Amino acid sequence: MSSIRNIVILTGAGVSAESGIDTFRDGGGLWEQHRVEDVATPEAFARDPDLVLRFYDMRREAIQTKQPNAAHRALAKLDAEWEGDLLIVTQNVDDLHERAGAKRVLHMHGEHLNAWCMACDERPRRTGPLIDRPACPECGEAALRPDIVWFGEMPYRMDEIFAALEQADLFVSIGTSGAVYPAAGFVRNARELGVETLELNLEPSQGTGWFDEARHGPASALVPAWVEEVLSR
Ligand code: APR
């Protein structure tokens, strides 16, 4: 641990579970309640935009009633106090990392509180619904869609993520099942680069075998303990 200077942290839905936001694949998770094909593909949006817009309007409203938990707060503390490079790459589309105070955050799957204008390509902030087809505040067109990376679409800022992995000494994966690529492949990219790897998850993820070390339990317990360890090294 003493030679660790640059850290890349990948977070998934498990880090927000204790804030009351459903994960995707756990029992009773979102993908048990909704078919991916109906709400999370560009084809679904073309086929039934109202169904898709209502789904994300409901989630956008819900996350604004949730609060960051101890895991988010611990990562914000690490971000504030860590002198080396640090990048929190999140698959989550909620804003709980930022509301906990974290700054060095990259949303690779988009953000609920942004919309994406199909006319001018801007991504205006949006806290209200899209179902009523509001005009884009930038260009005035009623062409806004959720700023969410759907299945079959390219995640955002992959170059920055790989550049950070190349500089990293430690890769930590928190609260993700390892079911969705390219995020699920980062641990192997890190290993190939000789980066130390650590998994913090409620249970072994699909990629748990690729990690040098894995700790299992709730993020609200594992993450603050790990952050104290790193900061006290
Ligand atoms: N603490 C730590 N880990 C937890 C907790 C918790 N309290 N609760 C659940 N987990 C773990 C689960 O064990 C599981 O491995 O979090 C993981 C959640 O997995 P998924 O529901 O598959 O979510 P995620 O990995 O973030 O999904 C990846 O898939 O649906 C797409 O784009 C969506 O970003 C998402 C991507």
Side-chain angles (χ1 to χ4, degrees), residues 9-45 52 55-56 58-60 62-63 66-75 88-97 100 105-114 116 145-158 161 171-188 197-211 213-227:
I9 298 169
L10 174 69
T11 67
V15 85
S16 293
E18 294 165 82
S19 294
I21 298 180
D22 288 338
T23 64
F24 295 92
R25 292 171 188 82
D26 293 314
L30 272 172
W31 297 151
E32 281 187 10
Q33 303 162 33
H34 305 271
R35 285 176 357 116
V36 164
E37 300 84 342
D38 293 342
V39 294
T41 64
E43 295 75 22
F45 188 57
V52 173
F55 173 74
Y56 289 100
M58 181 188 66
R59 299 201 63 212
R60 185 178 311 105
I63 65 156
K66 310 298 183 191
Q67 299 307 325
N69 62 55
H72 297 109
R73 291 192 293 274
L75 292 175
I88 301 170
V89 178
T90 188
Q91 298 170 87
N92 299 345
V93 291
D94 63 55
D95 64 337
L96 297 183
H97 281 305
V105 180
L106 185 162
H107 286 266
M108 70 180 289
H109 291 167
E111 298 178 61
H112 270 314
L113 298 183
N114 285 347
W116 181 13
R145 63 161 262 187
D147 181 26
I148 305 290
V149 175
W150 287 326
F151 288 92
E153 296 183 324
M154 269 307 288
Y156 297 156
R157 301 169 65 184
M158 291 300 291
I161 298 170
F171 171 74
V172 184
S173 174
I174 305 173
T176 184
S177 59
V180 174
Y181 286 78
F186 292 162
V187 60
R188 268 180 266 181
T197 56
L198 169 65
E199 172 176 88
L200 304 176
N201 209 50
L202 192 61
E203 60 202 359
S205 73
Q206 293 181 19
T208 196
W210 292 98
F211 288 88
E213 185 188 353
R215 303 177 191 175
H216 298 124
S220 62
L222 292 181
V223 178
W226 171 70
V227 167

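Read the numbers this way: they start at 1 and go in the same order the structure lists the ligands and their atoms. All values derive from a computational prediction rather than experimental measurement.
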(message) So if I only count non-hydrogen atoms and take anything under 4.0 Å from ligand 1, which residues does that give, chain by chain?
(response) G12, A13, G14, A17, E18, T23, F24, R25, D26, W31, Q91, H109, F151, G175, T176, S177, V180, N201, L202, E203, G217, P218, A219
(message) If you count heavy atoms of other groups shown closer than 6.0 angstrom to CH2 of W116, is the number above 12?
(response) yes
(request) Could you pull out the closest heavy-atom pair between P204 and E199, with the gap in Å? (result) CA-OE1, 3.9 Å
(message) Tell me the closest heavy-atom pair linking S19 and P68, and the distance in Å.
(response) OG-C, 3.8 Å
(message) For S205 versus F211, what's the shortest heavy-atom pair and its separation?
(response) OG-CE1, 4.4 Å
(request) Might you point out which heavy atoms bring V15 and A71 nearest each other, and give the distance in Å? (result) CG2-CB, 3.8 Å
(request) Search all heavy atoms of T41 against all heavy atoms of E37 and return the closest pair with its distance. (result) OG1-O, 3.7 Å
